[in-house]
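Below, each value reflects all heavy atoms present in this structure, side chains not excepted, and no hydrogens, waters or symmetry copies. These numbers were taken from a predicted model, which means no experiment stands behind them.
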Amino acid sequence: MSARAGSSGVAPQLTAAFFDRPVLEVAPDLLGATVEHRTAAGIVAVRLTEVEAYDGENDPGSHAFRGRTPRTRVMFGPPGRVYVYFTYGMHWCMNLVCGPEGTASAVLLRAGEVVAGEDLARSRRTASRSPRDLARGPARLTTALGVDGGLDGADATARRSPLAVRAGVRPDPVLVRHGPRVGVAGDGAGHPWRFWLDGELTVSAYRAAVSRRRAGRS
DNA sequence: CGGCCGATCCACT
DNA sequence: GTGGATCGGCCGA
């Protein structure tokens, strides 16, 4: 077929140059791309339908806002690395680091459609009911892929990396929507840093940031 | 389907 | 000590 697909028919792996750009350019370009993770158990691949940009030290919503710490070490590293963090006492979430080394922007992978290894993905999810929910939400996506803190810092652009990102069919630009991020305090309508594909069932539900203390019993 | 709430522990103050 | 880039179960409509 076309030269683009190559002789093997496998979509090309995204390179460090792809990620070494401003995060607001990289984030929408990741929509439609697939993330794949190889383990001894097999391969799971997810086609991304929803992502969020975090602009490093300039961004109050970013983990790197208060500078370099042990946790944010990878965010300040080279582009194309995977930043995995643990949250709410039980969930892992994953990001792809953007921009040159020394800066700390990253794209949170929020949701996608499992396009390979569906049985394996389901076996990793305890409460999965429908294919739609397998990777709908950042922690669900990370779980479905079998990614945890052990992959923090892995290079997704290395040829032999267990984790890779591959170019997908470029979505119709009309379908690319943007808006405020989910669950980020102080992220008003002036921060269109969440990107998603309109009409995709796997896009997670929007929720504004809520303080549990304020929302719950006083 | 939507709202509410507990789980569970790590990073940072 | 505080609260979080979340999820899933349970409840009522």
Side-chain angles (χ1 to χ4, degrees), chain A residues 23-24 26-28 30-31 35 46 48-77 81-99 103-112 114 121-153 177-196 201-218:
Chain A
V23 68
L24 286 177
V26 175
L30 281 170
L31 294 173
V35 180
V46 171
L48 298 174
T49 57
E50 181 188 358
V51 298
E52 278 176 357
Y54 286 84
D55 193 16
E57 295 178 284
N58 310 313
D59 178 358
S62 170
H63 288 168
F65 182 61
R66 288 180 169 75
R68 201 183 293 243
T69 67
R71 181 173 64 157
T72 60
R73 169 186 62 91
V74 172
M75 295 186 80
F76 287 84
R81 301 295 169 93
V82 187
Y83 164 51
V84 185
Y85 70 90
F86 186 69
T87 193
Y88 287 100
M90 63 192 89
H91 300 303
W92 296 99
C93 296
M94 62 188 296
N95 298 249
L96 294 166
V97 174
C98 297
T103 66
S105 60
V107 176
L108 171 70
L109 310 185
R110 283 202 56 90
V114 175
R122 186 179 298 106
S123 74
R124 289 170 171 154
R125 297 264 292 109
T126 54
S128 61
R129 299 176 196 88
S130 64
R132 174 191 187 187
D133 287 337
L134 280 179
R136 185 179 190 235
R140 293 166 172 176
L141 180 150
T142 303
T143 298
L145 282 170
V147 168
D148 63 18
L151 248 71
D152 188 39
R177 301 298 162 88
H178 57 86
R181 294 173 294 196
V182 174
V184 175
D187 212 38
H191 296 267
W193 283 349
R194 174 186 180 229
F195 299 90
W196 69 92
L201 294 174
T202 51
V203 173
S204 60
Y206 174 74
R207 279 166 288 102
V210 178
S211 160
R212 269 148 74 250
R213 181 183 236 114
R214 198 186 293 265
R217 53 185 98 261
S218 66

TODO: Output the distance between atom OG1 (Thr142(A)) and atom OH (Tyr85(A)), rounded to the nearest 0.5 Å.
DONE: 8.0 Å
Task: Between dT6(C) (P) and Leu108(A) (CG): distance, integer Å - done: 8 Å
Task: Minimum-distance nucleotide to Met90(A) side chain [options: dG8(C), dA5(C), dT8(B)] - done: dT8(B)
TODO: Searching all strands shown, indicate the nucleotide that pairs with dC12(B) (Watson-Crick or G-U wobble; both distances under 3.5 Å).
DONE: dG1(C)
Task: Candidate nucleotides dC12(B), dA5(C), dG9(C), ranked by approach to the side chain of Thr72(A) - the nearest - done: dC12(B)
- [ ] Between dC7(C), dT8(B), dT6(C), spot the one nearest the side chain of Arg140(A), thanks.
- [x] dC7(C)
- [ ] Round to the nearest Å and state the distance from Tyr85(A) atom OH to dG4(C) atom P.
- [x] 12 Å
Task: Short side-chain N/O contact from Arg110(A) to OP1 or OP2 of dT6(C), under 4.0 Å - done: yes
TODO: Can you label the angle between the Tyr83(A) ring and the His63(A) ring as parallel, tilted or perpendicular, going by 30° and 60°?
DONE: perpendicular
- [ ] Return the nearest nucleotide to the side chain of Pro70(A); candidates are dC12(B), dG4(C), dC7(C).
- [x] dC12(B)
- [ ] Using atom types as modelled and distance alone, determine if a side-chain donor or acceptor of Asn95(A) lies under 3.5 Å from a backbone N or O of Val97(A).
- [x] no
Task: Spacing of Leu134(A) atom CG relative to dC7(C) atom P, expressed in whole Å - done: 13 Å
Task: Atom-to-atom span, CZ of Arg132(A) to P of dC7(C) - whole angstrom - done: 14 Å
TODO: Look at the side chain of His91(A) and decide which nucleotide, out of dA5(C), dC7(C), dG8(C), has an atom nearest to it.
DONE: dC7(C)
TODO: Round to a whole Å and report the spacing from CZ of Phe65(A) to C1' of dT13(B).
DONE: 15 Å
Open item on the list: Measuring from the side chain of Phe86(A) (C-beta onward, heavy atoms only), which nucleotide among dG8(C), dC12(B), dC9(B) has the closest atom?
Closed with: dC9(B)
Open item on the list: Tell me the interatomic distance from Tyr83(A), atom OH, to dC10(B), atom C1', rounded to whole angstroms.
Closed with: 11 Å
TODO: Decide yes or no for Asp152(A) and Arg73(A): does some side-chain heavy atom of the first lie under 4.5 Å from some side-chain heavy atom of the second?
DONE: yes
Open item on the list: Please report the distance, rounded to the nearest Å, between CZ in Arg71(A) and P in dT13(B).
Closed with: 10 Å
- [ ] Hunt down the Watson-Crick or G-U wobble partner of dG8(C), both distances under 3.5 Å, from any strand shown, or write none.
- [x] dC5(B)
TODO: Taking only the side-chain heavy atoms of Thr69(A) (C-beta and beyond), determine which of dA11(B), dA5(C), dC7(C) contains the nearest atom.
DONE: dA11(B)
- [ ] Rounded to the nearest angstrom, tell me the gap between atom CZ in Arg125(A) and atom P in dG9(C).
- [x] 10 Å
- [ ] Kindly confirm whether the side-chain ring of Tyr88(A) is stacked on the base of dA7(B), judged by centres under 5.5 Å and planes under 30°.
- [x] no
Open item on the list: If you go through the side-chain atoms of His63(A), does one of them form a donor-acceptor pair with the base of dA5(C) closer than 3.5 Å?
Closed with: yes
Task: CZ-CZ distance between Arg110(A) and Arg194(A), expressed to the nearest 0.5 angstrom - done: 6.0 Å
